[in-house]
Number of protein chains: 2
Amino acid sequence: MATAERKGPVSVVIVDDHAMFRRGVRAELESAGRGQVAILAEAADVDEAIAAVGEHRPDVVLLDVHLPGGGGAEVMRRVTAGGGAPETRYLALSVSDAAEDVIGTIRGGARGYVTKTITGPELVQAIGRVAEGDAVFSPRLAGFVLDAFSGSIDVAAVDEDLDRLTEREREVMRLIARGYAYKEVAKELFISIKTVETHMSSVLRKLQLSSRHELTRWASDRRLL
Amino acid sequence: MATAERKGPVSVVIVDDHAMFRRGVRAELESAGRGQVAILAEAADVDEAIAAVGEHRPDVVLLDVHLPGGGGAEVMRRVTAGGGAPETRYLALSVSDAAEDVIGTIRGGARGYVTKTITGPELVQAIGRVAEGDAVFSPRLAGFVLDAFSGSIDVAAVDEDLDRLTEREREVMRLIARGYAYKEVAKELFISIKTVETHMSSVLRKLQLSSRHELTRWASDRRLL
DNA sequence: TCGAGGATCAGGGGCGTCCCCGATGGTTCG
DNA sequence: CGAACCATCGGGGACGCCCCTGATCCTCGA
């Protein structure tokens with residue numbers, strides 16, 4: 001935890017495509033965050049958000065993940081690419097607790113991620129901590145965020161794994177991932193069921209998976225279908 | 001369209017599990033709906049909603065679709081089953097524009113369905129029209145709602161099939177479609193493997209499918225994951 | 001009150017999945 | 001040539017998937 005020393009109020013820009021949600025956040029911050037939070041601007045889409053951040057250079061941007069024009073990650077990418085507001089922190093505020101949303105947003109540069117079930121006082125506290133450089137996550141998200149960044153899949157590692165498959169193994173893998181039974185794969189490739197089993201065994205071992213269902217998800221995650 | 005004659009303000013109960021969103025709606029209705037809308041109560045889950053509707057008997061219930069305790073449809077079902085507030089109209093207010101959410105909510109008895117992208121003045125107007133008996137839908141939803149109720153093969157057929165599943169069968173179906181093994185489903189739902197097998201048997205028979213792989217494709221085609 | 005249907009569970013069987021063990025022939029490379 | 005790797009196949013086994021029959025308990029409506 002950083003120290004609680006602060007000079008003045010934390011300046012904030014609210015980015016969300018729902019006007020009513022912005023209004024609710026504003027109302028909560030103005031009552032629960034009395035004197036601690038100053039709302040500089042609101043934005044309803046990616047372009048507005050970029051303009052608002054560039055103009056006001058807030059301490060913290062409250063950023064909705066699902067946003068017309070490319071999503072919250074797009075905002076962070078384009079602001080930092082434009083060299084603007086390097087000291088600004090981003091706190092994602094989303095209804096979604098899906099792993100891909102969370103990880104994608106953190107990869108994009110957010111310093112925290114809380115769900116919209118948060119209460120006003122908790123949000124004020126989260127904003128304060130993010131402004132001071134802490135990372136803030138909803139309790140339910142904290143666990144798997146750490147998992148994802150402490151030794152799980154890397155994009156580079158994916159291609160290495162794929163390269164270690166032989167041509168025949170890749171053919172079998174594709175068909176299995178599409179839901180073919182071993183018997184059907186065998187007929188399709190004019191080989192025996194036993195050969196299919198052997199290839200599948202190698203595929204699962206090389207990709208460190210344990211079932212055809214995991215393989216299906218693995219392949220669809222990487223759009224290999 | 002009904003006439004615009006009204007004696008006094010329309011009484012409203014707001015149901016949504018996000019306190020901040022309720023606050024935003026309240027703020028919008030109190031400024032944009034000045035004198036036309038009277039907010040009687042708020043509720044954050046199914047039980048609170050039922051109690052609030054029974055106690056206040058509002059003209060209109062603003063009802064979130066995704067709600068802890070069974071969802072908005074559950075609120076309408078239990079209020080009408082309890083004989084309470086027959087003259088109360090329900091207006092669904094949701095982030096989701098998924099077909100199953102919309103159709104399920106309308107089937108549950110809602111007189112309208114608008115997304116949370118709506119503005120304050122539009123919401124005030126929608127509440128007024130629902131109170132007078134009109135049906136109100138966001139422009140984007142209107143088209144396919146009409147389709148679904150005028151003999152569309154696609155959505156209607158899906159929904160019929162889905163309707164024939166019991167609640168428990170749908171739970172099992174969702175987990176299986178996500179790749180859970182029977183054993184895992186059993187642990188998740190605190191029932192025996194044999195019961196899972198029974199439910200799956202019913203699911204496959206009712207949906208005229210023959211394996212969990214077909215079920216996975218069926219579900220993903222209809223975005224039920 | 002009786003039947004229908006839903007949720008729960010058991011046993012047994014056929015087949016699919018995935019693993020272990022093994023084997024043969026083919027290639028490439030040092 | 002031998003080592004390494006690949007593709008091909010087999011036996012056997014443990015376990016998962018899916019079906020069938022049959023059962024109990026409960027709730028709801030005719």
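Per chain, numbering begins at 1; letters A, B, ... match sequence-line order. What's counted below: heavy atoms across the whole structure, side chains too, no hydrogens, waters or symmetry copies.
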S211(B), nearest nucleotide to its side chain (from dC18(C), dT17(C), dC18(D)):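 Output: dC18(D).
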Given dC17(D), dA7(C), dC18(C), the nucleotide with the shortest approach to the side chain of Y182(A):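 Between dC17(D), dA7(C), dC18(C), the one nearest the side chain of Y182(A) would be dC18(C).
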Whether [Y] and [X] form a salt bridge (side-chain N of Lys/Arg under 4.0 Å from carboxylate O of Asp/Glu) is what I want to check.
X       : Y       : answer
K206(A) : E169(A) : yes
R22(A)  : D17(A)  : no
R23(A)  : D16(A)  : no
E74(A)  : R77(A)  : yes

Mind calculating the distance between [atom1] ([X]) and [atom2] ([N]) to the nearest angstrom?
X       : N       : atom1 : atom2 : value
L175(B) : dC17(D) : CG    : C1'   : 16 Å
E167(A) : dC5(D)  : CD    : C1'   : 16 Å
H199(B) : dG5(C)  : NE2   : P     : 17 Å
E214(A) : dC18(C) : CD    : C1'   : 13 Å
H213(A) : dG16(C) : NE2   : C1'   : 10 Å
E169(B) : dT8(C)  : CD    : P     : 10 Å
R212(A) : dT17(C) : CZ    : C1'   : 8 Å
R205(A) : dC6(D)  : CZ    : P     : 9 Å

Interface with DNA chain C, restricted to residues 188-198 of chain B and to heavy atoms under 4.0 Å: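 Here the set is I191(B), S192(B), K194(B), T195(B), T198(B).
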Short side-chain N/O contact to dC19(D) OP1/OP2 from S201(B), under 4.0 Å: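 For dC19(D), OP1 or OP2 has a side-chain N or O of S201(B) closer than 4.0 Å.
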side-chain N/O R168(A) vs dC6(D) OP1/OP2, d < 4.0 Å: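 The answer is no; no side-chain N or O of R168(A) sits under 4.0 Å from OP1 or OP2.
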Lys NZ or Arg CZ of K116(A) over F21(A) ring: under 6.0 Å, within 45°: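 Here K116(A) passes the 6.0 Å and 45° test against F21(A).
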Heavy-atom donor-acceptor pair, R170(B) side chain to L165(B) backbone, under 3.5 Å: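 Present.
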Hey, can you pull the donor-acceptor pairs under 3.5 Å for the side chains in residues 120-127 of chain B, sequence neighbours left out?
residue	atom	partner	partner atom	Å
E122(B)	OE1	T119(B)	N	3.1
E122(B)	OE1	T119(B)	OG1	3.2

